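Everything below concerns the one structure shown next.
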Amino acid sequence: MDTHVYKKIELVGSSTTTIEEAVKNAVKRASETIRNIRWVEVVETRCHVEENQIAYWQVTVRIGFTLDQ
């Protein structure tokens, strides 16, 4: 049986529309330079407020990926 070794990084994605879109933006950007992404863990969710309105969502994620063998 093969064993897997994972590495994880922490990123903050943002979106003016939804929390889910903020996560997708973080994963999309990470995938431009990282191969073998396997999982995403949402660590923190918050929003930026301007003039008593939510201006955008920020989501801190940990992205796990396997290392090349």
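Along the sequence shown, residues are numbered consecutively beginning with 1. Keep in mind it's a predicted model, so treat the numbers as computed, not measured.
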Exercise. T60 and R46: side chain to side chain contact (heavy atoms under 4.5 Å, CB included), yes or no, with the steps?
Worked result: CA-CA 9 Å; T60 303; R46 63 185 169 273; 3.4 Å; yes
Problem set entry | Worked verdict on E10 versus K8 for salt bridge (Lys or Arg N to Asp or Glu O under 4.0 Å) | CA-CA 7 Å; E10 191 168 275; K8 60 183 176 178; over 6 Å; no
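Within a 6.0 Å sphere centred on CD of E32, other residues, nucleotides and ligands contribute more than 12 heavy atoms. At most 12 heavy atoms of other shown residues, nucleotides or ligands fall within 6.0 angstrom of atom CZ in R29.
Taking OG1 of T66 as the reference point, atom CH2 of W39 lies at 11.5 Å (rounded to 0.5 Å).
Other members of the hydrophobic cluster containing V61, listed by chain and number, are V5, I9, L11, I19, V23, V27, I34, I37, V40, V42, I54, W57, V59, I63, F65, L67; membership follows side-chain contacts under 4.5 Å among ILVMFWY residues, whether direct or relayed.
The aromatic rings of Y56 and H48 lie parallel to each other, with less than 30° between the two planes, well short of the 60° mark.
Under a 3.5 Å cut-off, the side chain of N25 and the backbone N or O of S14 do form a donor-acceptor pair.
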